[in-house]
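First up is the structure itself, then whatever we jot down about it.
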Amino acid sequence: MALANALLAAVYYLAASFGLSMAFQHKLISLVWPPSGIAIAAVALLGYRLLPGVFLGAFLINLSVARSYPVAFGIGIGNMAEALAAVALLRLAGFRHELDRIQDVISLIVFAAWAASIVSATNGTLILAASGSLPQVYFKAAWLRWWLGDVMGVCVMSPLIFLFARRPHFIFQLRRAGEAAGLGILLVVFHFTFKDSGMPYLVFPMLFWAATRFGRTGAIVSTFLVSAGTVWYTLRGWGPFVRATPEQSLLAAQSFIGVETVTGLAIAAGLSEYRKREEQRVQLLNSEAVKDRLSFLAEASAVLGSSLCYQTTLANITRLLIPKFADYCVIVRHDRNANPTVVKATHRDPVLEREVMPKLIHHHPNPEKGHPVGIALTEGKSVLVRQMSDDFLREITNNEEHLALVRALQPISYIAVPMRGGLQEETIVGAIICARTTLSGLLFTEADLAFAEDLAHRCAGAIERAELYASAQDAIHQREDTLAIVSHDLKNPLAAILLGAKLLERTLGTPQERPELVQSVVRRTIESAGHCTRLVENLLTAAKLESGQFSAKKVWVPVLATIDESISELLPLAAEKGVALRAIVPDSLHDMHCDRTGIYQVLSNIIGNGVKFTPGGGEVVLRVEAENGGLHFSVRDTGPGIAAEAITHIFERYWQQQGNGHRQGAGLGLAIASGYVNAHGGRIWAESTPGKGATIHFTIPQPAEAERKSA
């Protein structure tokens, strides 16, 4: 390594001597500085161990010119720091020496040329100013010249060194010798006509030809030759960049050199990327793997379309993926609360399928930012983890038990892809997680990721079809259940009406029994008819709320009068069951802004439910409070309460609380109440402790005081 450092120092010294031969404003500042590109390329290729060679070369050349050890030492440190900063930034950016990607060209220009050169230029001009050899009035101009010289040195020299380092025999590999000779002749002609031409940018078609036909080799060599020729002719007073002084001439030529260098590199890198993609595409299309996967996708379409059952569709998805594509598969979807939930987990190993996968379903993915499942479900982006580590397993698991289950599966490679549905693929139906384990020993690739995305889209369509079918079937069942319930519930009151009418008819001939019996029969007939009427009204109201035809017509109504009206109809039923029914309303509440009919219906349905399910000796209490710019209503009963698994369903249409082994009502009361509350912009919810009763809460927003006064 000492020999390598010594060789680099010698090359640096010679290149610097050439550069300083064109120093005009100051003997240590040149607009042409090849050593910067040489140093950065050497350290980038062979590592930081060559930094001493950079320092030694810079120190010796500056000492030979400045005759000052402190100045030479300080500038040498700055030049070494420039190379260190450039290489560090390039490595952070993922730079590749081949310069076969646009991002590599941009990294070289931005980080190695523009950014790192600031270090050397700033350090050098400050040292020269401190030593007294650079007047303050020239500081800004000197800094700019130093920076430009380093930038051009990196842009021109570094690509050439990278090229020779990787392809030292590239000249002998040119198969189109005649075409190369023609290009060379054109470049020579350009040089001879350069001194008399006012159009130097005519060289760009030749650079494009070189990059197109000979790739990076042609582009880099051509740009170097054009740059060198431009400097040589300009210093001799020839060409379109000649100005009053040689320094001004070089400054004018720098822009042309920069543009032609960056253009040549960018064209070559862009074409290289395009050719690689085309080669990969052709190889992919011609490979047997693609043929197999096309066949597999055709089979997938047939399998996924074979059933409209949701659970069967999930099973078909995992059956497709295992074991042909993955060793185990997990399907994740959002639950009612928008939390990621595992709905299917399957493994190719029957033992792990039986012992581990059922437990894995109970450990739902953590939706934190950065988690692959969260990225797939919320951002709609696919994630490929080619080689999994234990740290990665810890990141994607929730606790030690979850981690132990995943470790038992022995995954080594991981893919998470979103299932996109809808006409424009704007809906994320869920996510598919595929993993390969030590059973197969294979790692996923980018091609596997693209294949998984295609399959996931097909799976999303199958799931949507299954859900639509399930919804349609559910709607049919609900309609049939409702008709059965209504038919059953209407049968009894209608039978009572019919019986009462017949009794009334028979007793018309016995005047001594007529008054009392007629009164009783008429009362039962009216009650039965009223019950039938309420059932029909509930069905009509539910239909109106579901279709969105209801809109709250708000007026100011008395609070107490509305509550009394709702309770009065239920007092006879409560008294008959022995249930205490009361209301607690603060004296400060006088009126409220609402749809009177809607709120009356809400209170009647909720209080009626409380009375219905509260046994004798219990109580139902309605409480009203002013809270957060609105009114908070709560109806508490002392009935059996609501089971935890049922509390999320009580506001659904046709859902019924089971009581005493039989169904009660059409299951529309609380659904209608929820619809009215939502139409008012309020909120409704339930709280319950099984065995200790339940409380139904709802809120009705109220206008601000200013709006109330204006009304």
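These numbers come from a predicted model, not from an experiment.
Taking OG1 of Thr234 as the start and CE of Met22 as the end, the distance is 11.0 Å to the nearest 0.5 Å. Of the inter-residue distances, the one linking Asp454 atom CG with Arg458 atom CZ reads 4.5 Å to the nearest 0.5 angstrom. One distance of note links OG1 of Thr397 with CG of Asn399; it measures 7.5 Å at 0.5 Å rounding. Rounded to the nearest 0.5 angstrom, Leu271 CG and Thr212 OG1 are separated by 5.0 Å. Between the CD1 atom in Ile75 and the CZ atom in Phe55 there is a gap of 11.0 Å [rounded to 0.5 Å]. The structure places OG1 of Thr125 at 12.0 Å from CG of Leu28, a figure rounded to the nearest 0.5 Å.
Using a distance-only test at 3.5 Å, with no hydrogens or angles considered, no donor-acceptor pair links the side chain of Ser120 to the main chain of Gly78. Looking at Ser107, its side chain does come within 3.5 Å of a backbone N or O of Gln103 through a donor-acceptor pair. Formation of a donor-acceptor pair under 3.5 Å by the Ser64 side chain with backbone atoms of Ile61 is found in this model. Checking side-chain atoms of Asn62 against main-chain N and O of Ala58 turns up a donor-acceptor pair under 3.5 Å. Remark: side-chain polar atoms of Asn123 are paired, donor with acceptor, to backbone N or O of Gly74 under 3.5 angstrom. A distance-only check finds a donor-acceptor pair linking the side chain of His26 to the backbone of Ser133 [under 3.5 Å]. At least one donor-acceptor pair closer than 3.5 Å links the side chain of Thr223 to the backbone N or O of Ile220. The backbone N or O of Phe444 sits less than 3.5 Å from a side-chain atom of Ser413, completing a donor-acceptor pair. Between the Ser131 side chain and the Leu128 main chain, a donor and an acceptor come within less than 3.5 Å of each other. Put simply, the side chain of Gln254 gets close to the backbone of Leu31: a donor and an acceptor are under 3.5 Å apart.
Cation-pi geometry between Arg436 and Phe325 is met: under 6.0 angstrom from the ring centre, within 45 degrees of the axis.
Contact check for Val383 versus Ile415: no side-chain heavy atoms found under the 4.5 Å cut-off. The shortest distance between side-chain heavy atoms of Leu251 and Arg243 does not fall below 4.5 Å. Between Leu126 and Phe139 there is a side-chain heavy-atom pair separated by less than 4.5 Å. Considering only heavy atoms from C-beta on, Phe18 stays 4.5 Å or farther from Leu14 through its side chain. Using a 4.5 Å heavy-atom cutoff, the side chains of Leu20 and Trp33 are in contact. With contacts defined as side-chain heavy-atom distances shorter than 4.5 Å, the pair Trp114/Ile109 qualifies. Side-chain contact between Leu148 and Leu144: present, with at least one pair of heavy atoms (C-beta onward) separated by less than 4.5 Å. Counting heavy atoms from C-beta outward, Phe24 and Thr245 have side chains that stay 4.5 Å or more apart.
Residues Ile257 and Ser227 come closest through the heavy atom pair CG2-OG, 3.5 Å. Residues Ile127 and Val71 approach most closely at CG2-CA, 4.0 Å, considering heavy atoms. Taking both residues in full, the closest heavy atoms of Pro411 and Tyr328 are given as CB-OH, 3.7 Å, listed atom of the first, atom of the second, then distance. Across every non-hydrogen atom of Gly37 and Ser158, the tightest pair is O-OG, 2.9 Å. Residues Thr445 and Arg386 share a closest heavy-atom pair of CG2-NH1, 3.5 Å. Across every non-hydrogen atom of Ala83 and Ile40, the tightest pair is CA-CG1, 4.0 Å.
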Stepwise side chain to side chain contact (heavy atoms under 4.5 Å, CB included) check, Leu235 with Val231: CA-CA 6 Å; Leu235 288 176; Val231 172; 3.9 Å; yes
Derivation and outcome, side chain to side chain contact (heavy atoms under 4.5 Å, CB included), residues Arg407 and Asp390: CA-CA 9 Å; Arg407 280 176 173 167; Asp390 195 65; 2.8 Å; yes
Side chain to side chain contact (heavy atoms under 4.5 Å, CB included) between Met157 and Val154, intermediate numbers included: CA-CA 6 Å; Met157 294 302 301; Val154 174; over 6 Å; no
Check against side chain to side chain contact (heavy atoms under 4.5 Å, CB included), Ile432 and Leu321: CA-CA 10 Å; Ile432 298 179; Leu321 292 168; 3.8 Å; yes
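Using a 30° and 60° split on the angle between ring planes, Phe162 and His97 fall in the parallel class, below 30°.
Side-chain rings of Phe392 and Tyr414 approach one another, their centers coming within less than 6.0 Å. Proximity of the aromatic rings of Phe59 and Tyr12 is defined here by a centroid distance below 6.0 angstrom, and this criterion is not met.
Side chains of Asp150 and Ser117: no donor on one and acceptor on the other come within 3.5 Å.
Residue Phe73 places its CZ atom among 12 or fewer non-hydrogen atoms of other residues, nucleotides or ligands, all under 6.0 Å distant.
Ion pairing of Arg216 with Asp104 is absent here, as no side-chain N (NZ or NE/NH1/NH2) approaches a carboxylate O to less than 4.0 Å.
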